[in-house]
Amino acid sequence: MYENSFPNKRFKHTIEFLEKHISNSETILDLGVVNPFTEIMTKHGYSVENTKGEDLDIDTSTIENSKAEVVTAFEIFEHLLSPFTVLKSIKADKLVASIPLKLWFSSAYRSKTDMLDRHYHEFEDWQFDWLLEKAGWKIIDSEKWTNPTKKIGIRPILRWFTPRYYIVYAERV
């Protein structure tokens, strides 16, 4: 994971947003396997449990059985065929989730070697908001940020101005 580039900017924004809304005394269920951001949350004093790599489109038992007070989902929902089902299965009252936004000048991400590393959905912010609201969540706060690259070309220039990531803090209605 992150062989060629570590997402320092994304991780910095994400931990700052998490700390703004979630006390490190609250327990977290992080959707997805243990990853570098799990370590960052732990270093910031959070108690984090991760899902085990099960296909969340088919098996939501870890989510349904979790006693965590908060669920986090950082760049997970775009990989799922049915994020609505996962959002409805969450028992916690708080959710912090981020997604990469759909970029009009770039096609959906698809790894040629890893079947799980593909985006089925690439949301616009309003679509993600609608999904959350329909699944019973009220968005309390949100932020967007860009992800510029040091490459040359039209698309790299557009990445300096076009928001790439969207993060929300939501509470169960």
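One-based numbering along the sequence shown.
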side-chain hydrogen bond (donor to acceptor under 3.5 Å, both in side chains) involving Glu64 - partner list, sequence neighbours excluded: Thr60

Atom pair CZ/NE2 of Phe37 and His44 - distance to nearest 0.5 Å: 8.0 Å

Main-chain N/O of Pro148 paired with Thr146 side-chain donor or acceptor, under 3.5 Å: no

Value rounded to 0.5 Å, distance of CG in Asp55 from NE2 in His79: 12.5 Å

With sequence neighbours excluded, residues passing side-chain hydrogen bond (donor to acceptor under 3.5 Å, both in side chains) with Thr51: none

Where Ile76 and Gly32 come nearest, the two heavy atoms and their spacing: CD1-CA, 4.1 Å

Side-chain heavy-atom pair Glu143, Lys20 within 4.5 angstrom cut-off: yes

Lys150: partners by side-chain contact (heavy atoms from CB on, under 4.5 Å), with sequence neighbours left out: none

Connected hydrophobic set around Val173, excluding itself, where side chains approach under 4.5 Å: none

Value rounded to 0.5 Å, distance of CG in Leu18 from CZ in Phe11: 12.5 Å

Residues clustering with Ile58 (ILVMFWY side chains joined when closer than 4.5 Å, directly or via others): none

Listed partners of Ile157 passing side-chain contact (heavy atoms from CB on, under 4.5 Å), at least two apart: Phe161

Residues in side-chain contact (heavy atoms from CB on, under 4.5 Å) contact with Glu16, at least two apart in sequence or another chain: Lys12

Nearest heavy-atom neighbours spanning Glu122 and Gln127: O-OE1, 4.1 Å

Side-chain heavy atoms of Ile63 within contact of Leu29, under 4.5 Å: yes

Qualifying residues under side-chain contact (heavy atoms from CB on, under 4.5 Å), relative to Lys144, sequence neighbours excluded: Leu101, Asp125, Pro163, Tyr166

Atom pair CD1/OH of Ile28 and Tyr46 - distance to nearest 0.5 Å: 6.0 Å

Heavy-atom check, side chain of Phe17 versus side chain of Ser98, under 4.5 Å: no

Leu81 backbone acceptor or donor facing Asp57 side chain under 3.5 Å: yes

Short side-chain to backbone donor-acceptor contact, Asp129 and Ile139, under 3.5 Å: no

Check: Asn50 main-chain N/O paired with Lys52 side-chain donor or acceptor under 3.5 Å: yes

Distance, nearest 0.5 Å, that separates NZ of Lys102 from CD of Glu78: 13.5 Å

Indicate every side-chain donor-acceptor pair of residues 65-74 with a distance under 3.5 Å to a residue at least two apart or in another chain.
residue, atom, partner, partner atom, Å
Asn65, ND2, Ser61, O, 3.0
Ser66, OG, Ala68, N, 3.1
Glu69, OE1, Thr27, N, 2.9
Glu69, OE1, Thr27, OG1, 3.3
Thr72, OG1, Asp30, OD1, 2.7

Using atom types as modelled, flag every donor-acceptor pair under 3.5 Å from a side chain in residues 87-97 to any protein atom, sequence neighbours excluded.
residue, atom, partner, partner atom, Å
Ser89, OG, Val86, O, 2.8
Lys94, NZ, Glu26, OE2, 2.8

Sequence neighbours excluded - ring-ring contact (aromatic ring centres under 6.0 Å, His included) pairs with any residue from residues 129-150: His13-Trp145, Trp145-Tyr165

Qualifying residues under side-chain hydrogen bond (donor to acceptor under 3.5 Å, both in side chains), relative to Thr62, sequence neighbours excluded: Glu54

Between OG1 on residue Thr14 and CD on residue Glu75, distance to nearest 0.5 Å: 6.0 Å

